[in-house]
2 protein chains.
Amino acid sequence: MAKLTSLKAEKRQLDRRAADHIRSHILDGIFPANSRLLETQLSDELEVSRGTVRSALAQLAGEGLVKQVAFTRWEVSGSSSTDGWEIYTLRGVLEGLGARLAAANVTAEDAERLRTICAEMLRAISEGRFQDATDIDFDLHAAIIELARHRRLAEQHRMILHQVRFHMVQSGFLPKDYDELISDHKQLIEAVIAGDADRAEKLARSHNEGEVRLLTASLQQGHPSDRIDVENV
Amino acid sequence: MAKLTSLKAEKRQLDRRAADHIRSHILDGIFPANSRLLETQLSDELEVSRGTVRSALAQLAGEGLVKQVAFTRWEVSGSSSTDGWEIYTLRGVLEGLGARLAAANVTAEDAERLRTICAEMLRAISEGRFQDATDIDFDLHAAIIELARHRRLAEQHRMILHQVRFHMVQSGFLPKDYDELISDHKQLIEAVIAGDADRAEKLARSHNEGEVRLLTASLQQGHPSDRIDVENV
DNA sequence: CAATCACCGATTGTCAACAATTACGGTTGC
DNA sequence: GCAACCGTAATTGTTGACAATCGGTGATTG
């Protein structure tokens, strides 16, 4: 297991910061899917008490990144085709709602902002900085959700994006056609900017449909990606 | 504050049971919106340690029924028009997805089951047992979601239903037209049973639209229902 | 008299010890 | 040889004590 940096600077609550650290390790693939997490080990490495680690793990369990087996173990969530299918179908309707509401609220500055982010993404791709491009992709979707001015939706969306990222890392997913990716996003934000709620929702939902179809197919073949059982030594 | 019954029977984890008790008190209106919750008071009344209560409250915060103000206080969530609008719009898309997927999975036994629940609801209404009818209403929606076979969706839906219930209690909401309510549900489950995914989704989404419209109007009038500030003595 | 500041009680945040439960390996009996 | 049983080590669950923080109260000062 990789070394975690201690957390005693800052002023936020320790358990939140512990959760942030563990979460980023999960999202970076340092703690792989299905790997076991030991409270004592985490508390040693983060230099906080076990209770604090427990609280952090409970948060992450609520976010769907970690599973608890009572009296027995904590482990990083799985990343099977079923999980992927669940994640992308949920993402579809959440972003659909977000796009619909965003279209109803959008202002001129918002429009500018969205176009800027999209341009940044385009530049990142054209310069071959694909990791940056992916980050900006997430930022763009989060920015649209923000326009919806819907706290609960934003919270759900934040969590589902974490899960999307996790699933991408675990499954080694990479976009295959960056031109199409850009075109998708351009269409989406233009629909939002134009205030066309129906079209914005439809585009947001169809944005994930490629993955959903892929994963559905993978499920029907009985793809055995549930069997992964990495141990975390 | 009402007396809570102690929890030392059963075998589930204490924090889960504590969360269940506090949750049901919130949903029953015993802890009203925006009322303060004291860790020591809860731990005394539930006869568990403060740490356990903290864990329970953290869970409920994750479910959106409770808010935490760091280093200062826990309080029951608010129940403003904005909250209601958020809850019902989210519910709409979640149940939309659920109905769509349910329509794709439904079997003959499922159909029977749905019709049975619907009939029970009808009977409850005709016998004037309106509280039971509301419970069965929730059961029916949960049953449809179950058919979607989507763990994450089911979890989100469970939480949003709690929030719906909470909002109904706090706002004193009562269905105004039971005939329409029954008709809505009949149409919905028949669409699901017929496997008509598009129609099922559409009906599930429109099922909440009445409330959404009401709450949107209430918002635009600047209805001051955010101002509620009950104290919990 | 109003504004500011230092104190104090109340409440939440963190910790380390103790209890309960589980999983595993060895032993025993058949 | 195999299955059931039991003891033990490892791990999670729970608790009470201690630390940090906040909000209000009253004294102080301009």
Side-chain angles (χ1 to χ4, degrees), chain A residues 1 4-23 26 31 34-62 65-77 229-233, chain B residues 1 4-23 26 31 34-62 65-77 229-233:
Chain A
M1 185 188 291
L4 298 177
T5 57
S6 161
L7 6 121
K8 57 194 183 208
E10 290 184 70
K11 284 240 185 81
R12 290 173 52 227
Q13 290 174 106
L14 274 178
D15 56 350
R16 307 295 177 88
R17 284 187 282 154
D20 290 346
H21 277 250
I22 299 172
R23 185 189 303 110
I26 293 175
F31 297 154
N34 299 101
S35 60
R36 184 170 188 181
L37 298 172
L38 294 186
E39 294 180 359
T40 52
Q41 195 167 355
L42 290 170
S43 79
D44 286 351
E45 292 181 352
L46 293 171
E47 297 178 23
V48 297
S49 83
R50 241 191 68 219
T52 303
V53 169
R54 268 180 84 71
S55 170
L57 288 173
Q59 283 180 241
L60 295 175
L65 289 175
V66 151
K67 280 185 308 187
Q68 181 180 28
V69 186
F71 291 100
T72 303
R73 62 195 305 174
W74 296 89
E75 57 188 43
V76 178
S77 293
D229 220 319
V230 185
E231 196 50 34
N232 179 22
V233 254
Chain B
M1 184 187 294
L4 298 178
T5 56
S6 161
L7 7 120
K8 58 194 181 208
E10 291 186 70
K11 282 244 182 79
R12 290 176 49 229
Q13 289 175 105
L14 275 178
D15 56 350
R16 308 293 178 87
R17 284 186 282 154
D20 290 346
H21 276 250
I22 299 172
R23 186 189 303 111
I26 293 175
F31 298 155
N34 299 99
S35 60
R36 184 170 188 181
L37 299 173
L38 295 185
E39 294 179 357
T40 52
Q41 196 168 352
L42 290 169
S43 79
D44 285 351
E45 292 181 353
L46 293 171
E47 297 178 24
V48 296
S49 83
R50 241 192 72 219
T52 303
V53 169
R54 269 180 81 72
S55 170
L57 288 173
Q59 283 180 241
L60 295 175
L65 288 175
V66 152
K67 280 186 307 186
Q68 180 179 28
V69 185
F71 292 100
T72 306
R73 61 195 304 174
W74 296 90
E75 55 187 45
V76 178
S77 294
D229 219 319
V230 185
E231 195 50 34
N232 177 25
V233 251

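Below, chain A is the first sequence line, B the second, and so on; all start at residue 1. Computation of the quantities below employed the complete heavy-atom set of this structure, encompassing side-chain atoms and omitting hydrogens, waters and symmetry-equivalent molecules.
Note: CG (A:Asp15) to C1' (C:dG13) measures 8 Å, nearest angstrom. One atom, CZ of B:Arg17, and another, C1' of D:dG13, lie 12 Å apart when rounded to the nearest Å. Between the CG atom of B:Leu14 and the C1' atom of C:dA20 there is a distance of 11 Å, rounded to whole Å. To the nearest angstrom, P of D:dT12 lies 9 Å from CG of A:Leu42. For the pair A:Glu39 CD and C:dA20 C1', the interatomic distance rounds to 14 Å; values are reported in whole Å. When the C1' atom of D:dT12 is taken as reference, atom CH2 of A:Trp74 falls 9 Å away, rounded to whole Å. A:Asp44 has its CG atom 12 Å from the P atom of D:dT12, to the nearest Å. Separating the CG atom of A:Leu38 from the C1' atom of D:dA10 is a distance of 9 Å, rounded to the nearest angstrom.
Comparing D:dT12, C:dA16, C:dG13 by their closest approach to the side chain of A:Arg54 singles out D:dT12. Checked against C:dT12, C:dC15, D:dT12, the side chain of A:Thr40 finds its nearest nucleotide in D:dT12. Of the candidate nucleotides D:dC22, C:dT11, D:dT14, D:dC22 has the atom lying nearest to any side-chain atom of B:Thr72. Distances were taken from every side-chain heavy atom of B:Arg36 (C-beta onward) to each of D:dT14, C:dC15, C:dT11; the shortest belongs to C:dT11. Residue A:Phe71 has its side chain nearest to C:dT22 when only C:dT14, C:dC15, C:dT22 are considered.
When all heavy atoms of B:Val66 and B:Leu57 are compared, the closest pair comes out as CG1-O, 4.1 Å. The shortest non-hydrogen separation linking B:Ala61 to B:Trp74 is CB-CZ3, 4.3 Å. The two residues B:Asp15 and B:Ser55 come nearest to each other via the heavy atoms OD2-OG, 2.9 Å. Contact between B:Arg36 and B:Thr72 at its shortest, heavy atoms only, is NH2-O, 2.9 Å.
Residue order along DNA chain C, read from the 5' end via each residue's closest nucleotide, puts A:Gln13 first among A:Arg50 and A:Gln13. Map A:Ser49 and A:Ala70 each onto its nearest nucleotide of DNA chain C; the residue landing nearer the 5' end is A:Ser49.
Contact annotation: B:Gln68 side-chain N/O to C:dG13 OP1/OP2 distance is under 4.0 Å.
By the 4.0 Å N-to-carboxylate-O rule, A:Arg17 lies too far from A:Asp20 to be salt-bridged with it.
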